[in-house]
Amino acid sequence: MQQTVAATPVSAEPSAPTPLRFSQDGTFQISIFEDLHFGENAWDSWGPEADRNSVKVLNAILDAESPDLVVLNGDLITGENGFLENATVYIDQIVGPLVDRELTWASTYGNHDHQYNLSAHDILARENGWSNSRTQGMVEGENAGVSNYYLPVYGAESDTSPKLLLWFFDSRGGVYFQDLDESGKEIPQPNWVDSSVVGWFKETHQTLTLQYNKTIPSLAFVHIPTNASLAAQTVDVIDENREPGINDDYPLAQQGQGWCEDGTNSDECAYGAQDIPFMRALVETEGVLALFSGHDHGDTWCYNWNTQIPGTAVAGNGMKLCFGQHSGHGGYGSWIRGSRQLLITEAGLDNGELDTWIRLESGDVVGSVSLNATYGEDVYPGTPNDMT
């Protein structure tokens, strides 16, 4: 296993990365790391030790897998523990194992990446000091968040028409950077995908469909899950053999949690339903196969959202809702750390399916399933609920 030290951003303007492509064998693999939570309690011995252990997780999994793209799906840093002067330097530790292996990556930002002393815009600037980074911000506006963009994935040959689109969304949350209210308190930031981003997604997808004269299969990534995942968990119930995975965060925390319908942040409101436009856009957009989330460290299952589940206002269309695995030694919970892997094949895309499994820091593989038309009916081995 490689012993990785923090990477150093290049000083000159980095060159643009080459387009993402399927391998010659028609495959494309993604490794998802989420909730790394670097930078907790830097003033105590256990904080830096947690970061070192998280680097070991990254190294162990990347030694075992060979991804074409790494996705950092939110809560890269525990920003509320960060100092204004140096909060983003934790990015150097996170991407060190990726830079060492010449891997390319793309990020979404989570609620802990939006904090009073940590700006997601500054995280983006730090990431983009490396040519390996593909993280972008395609939607302007204070309410949009930062990490909203898409990446095309082309075939192995030099064709100019994408085979796959990867969509990245900022679910925001946390608090506004360096902003206080009249009483001197930090100002909560909404914790859902903003309507401006939903509009951008719909318009951009329509433009791409017209440009290439076809529906391009898509995968989506967002840190905080939607209310559909909560409804699946609490109403339809997750089956340990048909939807294998840990299901310990029950009930899970979703977009709109702690907000009232009028947009007021209040402990008296359980859920404000502000994620309905985002959910509706996903299911009404042809070709979106799956949505991958983090945030809830104790949930690692996938669900086939193919009905209108009581408890949500939007009917599913067969899109899969998936969690990954808590990857970092920072953040709550002691479930064994790991990373969800996605294996997409050009042939599988024709049928709207892909394979996925979780690689654990121990080297073991759990939760290996095929996200196909019969997922939710097929029977798989259950996932052990192991702790680190």
Side-chain angles (χ1 to χ4, degrees), residues 74-75 79-80 108-121 137-148 167-204 220-236 249-285 291 293-296 299 305 308-316 319 321:
D75 283 358
E80 55 267 46
T108 70
Y109 298 142
N111 49 301
H112 289 277
D113 299 313
H114 292 280
Q115 292 295 321
Y116 184 74
N117 280 338
L118 178 63
S119 163
H121 287 284
M138 291 185 175
V139 186
E140 300 292 335
E142 181 184 8
N143 294 326
V146 176
S147 55
N148 301 293
W167 297 90
F168 301 84
F169 299 98
D170 192 336
S171 49
R172 305 178 294 163
V175 300
Y176 284 103
F177 176 67
Q178 292 290 289
D179 200 3
L180 301 174
D181 64 18
E182 294 179 354
S183 62
K185 294 181 179 179
E186 296 175 354
I187 302 174
Q189 181 174 221
N191 60 356
W192 57 86
V193 175
D194 187 64
S195 59
S196 65
V197 177
V198 174
W200 163 83
F201 167 59
K202 293 164 67 174
E203 292 171 10
T204 304
F221 303 87
V222 69
H223 181 66
I224 304 177
T226 66
N227 189 59
S229 292
L230 177 65
Q233 182 193 52
T234 57
V235 178
D236 206 12
D249 270 339
Y250 184 97
L252 61 82
Q254 83 281 32
Q255 294 183 32
Q257 184 189 44
W259 291 78
C260 307
E261 290 186 14
D262 64 0
T264 304
N265 178 245
S266 174
D267 292 337
E268 297 179 1
C269 296
Y271 166 63
Q274 291 91 348
D275 62 341
I276 288 176
F278 180 53
M279 288 190 289
R280 184 169 288 128
L282 288 171
V283 299
E284 290 178 354
T285 300
L291 176 67
S293 302
H295 190 59
D296 296 281
D299 291 331
W305 185 24
Q308 180 156 359
I309 314 166
T312 186
V314 180
M319 183 179 73
L321 304 172

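In terms of heavy atoms, Ser266 sits closest to Cys260 at CB-SG, 3.7 Å. Taking both residues in full, the closest heavy atoms of Ala281 and Val198 are given as CB-CG1, 3.8 Å, listed atom of the first, atom of the second, then distance. The two atoms that bring Val139 and Ala144 nearest to each other are CG1-CB, 3.8 Å, heavy atoms only. Here the shortest heavy-atom pairing between Ala253 and His295 reads O-CD2, 3.5 Å.
Residue Thr285 holds its OG1 atom at 7.5 Å from NZ of Lys202, rounded to the nearest 0.5 Å. Put simply, CG on Asn227 and CG on Leu252 are 8.5 Å apart, with the number rounded to the nearest 0.5 Å. Remark: Ser293 OG to Phe221 CZ distance equals 10.0 Å, nearest 0.5 Å. To the nearest 0.5 Å, the span separating SG on Cys269 from CH2 on Trp259 amounts to 10.5 Å. Remark: Met319 CE to Trp305 CH2 distance equals 5.0 Å, nearest 0.5 Å. Separation of atoms CZ (Phe168) and CZ (Phe201) is listed at 12.5 Å; rounding is to 0.5 Å.
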Query raised in the report: For Phe177 and Gln115, what are the C-alpha separation, side-chain angles and deciding distance, and is it a side chain to side chain contact (heavy atoms under 4.5 Å, CB included)?
Result: CA-CA 6 Å; Phe177 176 67; Gln115 292 295 321; over 6 Å; no

**Report entry** Audit row: Trp200, Met138, side chain to side chain contact (heavy atoms under 4.5 Å, CB included) steps and yes/no
**Finding:** CA-CA 9 Å; Trp200 163 83; Met138 291 185 175; 3.8 Å; yes

Requested in this report: Please report the C-alpha distance between Leu282 and Leu291 in whole Å, then the side-chain angles of each, then the deciding distance to 0.1 Å, and finally whether the side chain to side chain contact (heavy atoms under 4.5 Å, CB included) criterion is met.
Outcome: CA-CA 9 Å; Leu282 288 171; Leu291 176 67; 3.9 Å; yes

Requested in this report: Report the C-alpha separation of Thr108 and Phe169 in whole Å, then their side-chain angles, then the decisive distance to 0.1 Å, and conclude whether the side chain to side chain contact (heavy atoms under 4.5 Å, CB included) test is met.
Outcome: CA-CA 6 Å; Thr108 70; Phe169 299 98; over 6 Å; no

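Thr204 places a side-chain heavy atom less than 4.5 Å from the side chain of Trp167. Between Val193 and Arg172 the shortest side-chain heavy-atom distance does not fall below 4.5 Å. Using a 4.5 Å heavy-atom threshold, the side chains of Val175 and Ile187 count as separate. Gln274 has its side chain out of reach of Pro190: every pair of non-hydrogen atoms, C-beta onward, lies at least 4.5 Å apart.
Side-chain contact annotation: Asn117 with Gln178, donor-acceptor N/O pair under 3.5 Å present. Judged purely by distance below 3.5 Å, without hydrogens or angles, the side chains of His223 and Asp75 pair a donor atom with an acceptor atom. No hydrogens or angles considered: a donor-acceptor pair under 3.5 Å links the side chains of His114 and Asp170. Of the N and O atoms on the side chains of Gln255 and Asn191, not one donor lies less than 3.5 Å from an acceptor on the other residue.
Shown are Thr264, Asp181, Asn265; of these, the side chain to side chain contact (heavy atoms under 4.5 Å, CB included) with Pro188 is made only by Asn265.
Every pair tested for salt bridge (Lys or Arg N to Asp or Glu O under 4.0 Å) that includes a residue from residues 273-285 fails, sequence neighbours excluded, so the list is empty.
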